[in-house]
J.: 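Got a structure for you, written out below as structure tokens; questions coming shortly.
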Amino acid sequence: MSQGINNEMAASKSRRIVKNLRWWVLVLFLFGVTVNYITRNSLGILAPELKTSLGITTEQYSWIVGAFQLAYTIFQPLCGWLIDVIGLKVGFMVCAIIWALACIFHAGAGSWIHLAILRFTMGASEAAATPANAKTIGEWFPKSERPVAAGWAGVGFSIGAMLAPPIIYFAHASFGWQGAFMFTGVLALLWVILWWAFYHNPDKHPNLSKDELAFIQQDNEPPAVKLPFFTALKTVSKNKRFYGIAIPAFMAEPAWAVLSFWVPLYLAKEHGMDLKQIAMFAWLPFLAADLGSVASGYLTKLYTRWFGCTRVNSVVASSVTGAFLMISLAAVAITRDPYLTIVLISIGGFGHQIISCMLSALVVESFDKGQMATVNGMRGSAAWIASFLFSLLIGVTADKIGFNPLFIAMGFFDLIGACFLVAFIAERRAKRA
């Protein structure tokens, strides 16, 4: 017996406890999403040269973008269900390997059809990022910290887009457009190694203290129930709260699609910017989006403190605030100053990321652990249906009517979504007897 106690003490001493490990895990996940967005946005940054080198028209480019968005739309629920069933570590890692290799293979593309096939493959695998986001927050944070954690997790989605222009520019200058795709794909493979080495579930992590594990599990949530794929979809689709999240996501995503895939072409066409100038300015909206991600969680605390909002209502109020900020995109249509244009688009990036992070927080708040990744995948599909359709609309109309009507529409989409958010999600005060 004494030998057993000694062995336990020796094992305890050999374990290196990392203080506040949950936040370090979030940083690891954030790095993964950052690389995800660098590989994703490489196409948009290189689009002006690809159109010239491969003889791609604007409409054909819209189909390349659409292929990614279609795959992202279809596969988000499937990736979410996969992560719920086989676990976050293996599920997210497999998807990351696929998107890294698909990015590397872009270097061999000889036509827009080749690019469309590769982008479809990349979209199918990168679709894991959104459901993995909810799963990470749900597994590693108690409910009281989830809005703030969702805000910080959202930084990865925009910091990758922010870093993409300078990284792609310098990779392009050193290796050409083929080398730029290969460089970003290798970055993704390096992150896969880190994820495999350092990520573990909370109850199995060798560096997590018992006190922090107890803190993470303080809400005593029931164990995750693993459901068959179509059963999970049916269960979620019957919940009214899902539509209060999915419809605002549908209205919000066109703006992010434009930031990710179309702003470089817009700056080149409407303001005559070359690749170097695009690299200098196209990252600013994503910096603003980073700030919006971080601010979103803390904004919920202010609504709780100043107005006495419940946790759910504070998240809803933060999202509505972001919706009003999106009106700045409508103002892009009435200015010809390129620098003011960048400022207005940046305000839109700030507002969009507040909305996006708070919708993720509502998924975690409204559904149990066994459904979080699946629900966030379904929410992502709703968003990317809009993204796909809007990109095709841009491809057909941009050369004929310009981008201004599209910016005006994006300025008001989120206010429509906010109405559904308030109607289906916001908690009402109990009526007095």
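Numbers here simply count residues along the sequence, with the first being 1.
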J.: List for me each residue that meets salt bridge (charged side-chain N to carboxylate O under 4.0 Å, His left out) alongside Arg311, sequence neighbours excluded, and say none if there are none.
T.: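 Expected list: Glu365.
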J.: Say you draw a straight line from CD of Glu253 to OH of Tyr72; how long is it, rounded to the nearest 0.5 Å?
T.: 8.0 Å
J.: Partners of Arg336 by salt bridge (charged side-chain N to carboxylate O under 4.0 Å, His left out), sequence neighbours excluded?
T.: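 If we apply the salt bridge (charged side-chain N to carboxylate O under 4.0 Å, His left out) test to Arg336, skipping adjacent residues, the hits are Glu270.
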J.: State, without any angle test, whether Thr321 and Tyr303 hold a side-chain donor-acceptor pair at a distance under 3.5 Å.
T.: yes
J.: Calculate, to the nearest 0.5 Å, the distance between atoms OG1 and CG belonging to Thr335 and Asp337 respectively.
T.: 5.0 Å
J.: Go through it in stages, so that I can follow the logic: the residues are Trp152 and Val294, the test is side chain to side chain contact (heavy atoms under 4.5 Å, CB included), and I'd like the CA-CA distance, side-chain angles, deciding distance and then a yes or no.
T.: CA-CA 5 Å; Trp152 280 103; Val294 175; 3.7 Å; yes
J.: Under 3.5 Å, is there a donor-acceptor pair between the side chain of Gln60 and the main chain of Trp112?
T.: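 No: the side chain of Gln60 does not pair with the backbone of Trp112.
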J.: Who passes ring-ring contact (aromatic ring centres under 6.0 Å, His included) against Tyr169, sequence neighbours left out?
T.: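 Here no residue qualifies.
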J.: Suppose we screen for ring-ring contact (aromatic ring centres under 6.0 Å, His included). Which residues come up paired with Trp177, at least two apart in sequence or across chains?
T.: none
J.: How would you list, by chain and number, every residue that makes a salt bridge (charged side-chain N to carboxylate O under 4.0 Å, His left out) with Arg119, sequence neighbours excluded?
T.: none
J.: Ring centroids only, cut at 6.0 angstrom: are Phe75 and Trp81 within range, meaning strictly under it?
T.: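 Centroid separation for Phe75 and Trp81: 6.0 Å or greater.
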J.: If the condition is ring-ring contact (aromatic ring centres under 6.0 Å, His included), which residues does Phe250 pass it with, not counting sequence neighbours?
T.: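 If we apply the ring-ring contact (aromatic ring centres under 6.0 Å, His included) test to Phe250, skipping adjacent residues, there are no hits.
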J.: Go through Phe68 and Leu43 one step at a time and tell me if the side chain to side chain contact (heavy atoms under 4.5 Å, CB included) criterion holds.
T.: CA-CA 11 Å; Phe68 179 95; Leu43 178 73; over 6 Å; no
J.: Decide whether Glu126 and Thr39 meet the rule of one side-chain donor and one side-chain acceptor closer than 3.5 Å.
T.: yes
J.: Ring-plane angle category for Trp256 and His352, please: parallel below 30°, perpendicular beyond 60°, tilted otherwise.
T.: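 Aromatic pair Trp256/His352 classed parallel.
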